[in-house]
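Notes follow once the structure below has been shown.
The shown structure was predicted, so the numbers you read here are calculated from the model rather than taken from an experiment. For the numbers below, each heavy atom of this structure counts, side chains included, while hydrogens, waters and symmetry mates do not. To find a chain, count down the sequence lines: A is the first, B the second, and so on, and within it residues start at 1.
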Protein chains: 2
Amino acid sequence: MDPSRTGMPTSRRKTAPGRTHLAASAAATPSAAVRGSPWRASRERVRDRQIKREAVIRAAAHAFNHKGYHNTSLDDIAAALEVSKPTVYYYVSNKEQLLFECFVAGIEPIRAAFRNARSQRAPARERLKTVLGHYGQAVASEFGWCMVRAEDQDLSPAMSAHIKSLKSEIDQGIRRLLREGAQDGSIHPCDPKMTAFALAGALNWIAHWYRENQSMTGAEIAAAFISVFENGLKPRAAAPAGRRAAQRTTHRLER
Amino acid sequence: MDPSRTGMPTSRRKTAPGRTHLAASAAATPSAAVRGSPWRASRERVRDRQIKREAVIRAAAHAFNHKGYHNTSLDDIAAALEVSKPTVYYYVSNKEQLLFECFVAGIEPIRAAFRNARSQRAPARERLKTVLGHYGQAVASEFGWCMVRAEDQDLSPAMSAHIKSLKSEIDQGIRRLLREGAQDGSIHPCDPKMTAFALAGALNWIAHWYRENQSMTGAEIAAAFISVFENGLKPRAAAPAGRRAAQRTTHRLER
DNA sequence: TATGGATCATACTCATTAGTAGCTATCCTA
DNA sequence: TAGGATAGCTACTAATGAGTATGATCCATA
């Protein structure tokens, strides 16, 4: 195979800035302040390395999102930032790492949601709903595509292993909630493994169509999906009459 | 952009053999007879162009499946067949077309399942179950990866449009069954669009993990998923006591 | 047995792109 | 204000891989 893909990127620069949890800041700051190139306009904050680094990663996410990882060259990313390619390499050690950072930025809010859920006392189904809501929003975010599509085959073994372990953490978290729900009676007994696959798969797939159809927000999509998961296809006998009727007439209108 | 990607591949060869529905034959013949290179062993059927062409496509599917589209060169495919690259080009006009053929081979059995379903008289939920079963098996097949991952971004506009229309046909078919189910009372009232997205997404995602975890057959996975979809997460009050109890003890064992 | 088509290989072209070498400019600090 | 660190650019290398030009070989048929 390719010798350059046999390990972690050799961080050639002595200054290896700690990884930044882009996701957190992305959630905090509205996208407007973040868009665009900080080089152009802001001479006054030229020295804020962190912001520039984040801009690089965000530009990469945007490009990957639109053209795919393989169809995006680092020249493209540099051009989007109105910068030269070596400048990009000044902030990031290689293309693979760009993808990795995007992945981490995408998955971090989901991990946060799990940490949150663990401290709650609600029934498991409620906690699962909350987590899946955040999951759906993460997939619909600007990093969702990278998170979902970061492939084994494009990554060095070390990165691949790292990503796999993060994914597995999420998977196990969902399974755990499903088991807890079966115990506390809030979730219909099910095979936790296959159910977790189904739930995560459905949500992951959002990344594939969301770009082309942004008529709903991430939160709305997540809510709609959760409603599907909760009710199931089989009709439910004992639903409260009022709500059932409203739902039925509403959905009669959809095509 | 790239000028070579602005249209359908110019089929330079005068002999353009009609597209072959690999999927059908794949379903009919067990994989054993199909694996390997027909060049090597069988000097006696050297002139059977169709079989060789299918072998090329199957080899491509296999390679794409394992290494991804972009990480597979046509030299790789040629090498797998113990043939030179121009030989591959003798059977197929370019790499993009290879991906397209794999896509069609993957999606064809699903279309067939829909055609079948249309002629049945069962309740919509039953027909949907059957279709989804075939869907799941198709995604778990050797062409599943190509079917699911054939991306817009890697295809010429014409191919992209063609694939999109095939995908849309499937999507509309699912929505239609959901609407029919809401009408005949066999399916819980739902938003057909979002529900179809959720169902298809969950099943599509199988392609991402099935390669690494082939402990179940495609049919078994599909059955497990369908059970999840049908029941939903919310506990069901009126389940037959015997089956409920059995299911609960069974799944207590899973981790 | 000559001929033309079908099949396949050798050996290229050419474009793309990840990543780098080496130079320059700016700014902060002592 | 000298000197080092920071930040950036131009111009390269080197590898890869899609697709092709050209010609050899085999076989059926006239």
B/Phe100-B/His162 aromatic ring centre distance below 6.0 Å: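 Yes; B/His162 has its ring centre under 6.0 Å from that of B/Phe100.
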
Check: B/Trp205 ring centroid to A/Phe197 ring centroid under 6.0 Å: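 No, ring centres 6.0 Å or more apart.
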
Between [atom2] on [N] and [atom1] on [X], what's the gap in Å once rounded to a whole number?
| X | N | atom1 | atom2 | answer |
| --- | --- | --- | --- | --- |
| B/Leu81 | C/dC8 | CG | P | 11 Å |
| B/Gln97 | D/dG19 | CD | P | 11 Å |
| A/Asp76 | C/dT16 | CG | P | 12 Å |
| A/Lys95 | C/dG19 | NZ | C1' | 12 Å |
| A/Arg53 | D/dG8 | CZ | P | 14 Å |
| A/Tyr69 | C/dT17 | OH | P | 13 Å |
| B/Asp75 | D/dT20 | CG | P | 14 Å |
| B/Leu74 | D/dT16 | CG | P | 16 Å |

Any side-chain N or O of [X] less than 4.0 Å from the OP1 or OP2 oxygen of [N]?
| X | N | result |
| --- | --- | --- |
| B/Arg49 | C/dA6 | no |
| B/Tyr89 | C/dT7 | no |
| B/Lys52 | C/dT7 | no |
| A/Tyr90 | D/dG8 | no |
| A/Tyr91 | D/dG8 | yes |

A/Ser73 side chain, from C-beta outward: closest of D/dG8, C/dC8, C/dA18: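 For A/Ser73, the side-chain atoms sit closest to C/dA18.
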
Between the protein and nucleotides 9-15 of chain D, list every N/O to N/O distance that falls short of 3.5 Å.
residue	atom	partner	partner atom	Å
D/dC9	OP2	A/Ser84	N	3.0
D/dC9	OP2	A/Ser84	OG	2.6
D/dC9	OP2	A/Thr87	OG1	2.2

Side-chain ion pair, A/Lys167 and A/Asp171, N-O less than 4.0 Å: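 Between A/Asp171 and A/Lys167 there is no salt bridge, as every charged N stays at least 4.0 Å from the carboxylate O atoms.
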
B/Lys85 NZ/CZ over B/Tyr90 ring centroid, <6.0 Å and within 45° of normal: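 Pair B/Lys85/B/Tyr90 does not count as cation-pi.
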
Side chain to side chain donor-acceptor pair (under 3.5 Å) partners of residues 130-141 of chain B, not counting sequence neighbours, each pair once: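 For residues 130-141 of chain B, and leaving out neighbouring residues, the side chain to side chain donor-acceptor pair (under 3.5 Å) pairs sorted by first residue read B/Tyr135-B/Asn204.
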
Separation of B/His62 NE2 from B/Thr72 OG1 (nearest 0.5 Å):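 With rounding to 0.5 Å, OG1 (B/Thr72) is 10.5 Å from NE2 (B/His62).
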
Side chain proximity check, B/Ile174 to B/Leu177, heavy atoms < 4.5 angstrom: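 No - every pair of side-chain heavy atoms lies 4.5 Å or more apart.
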
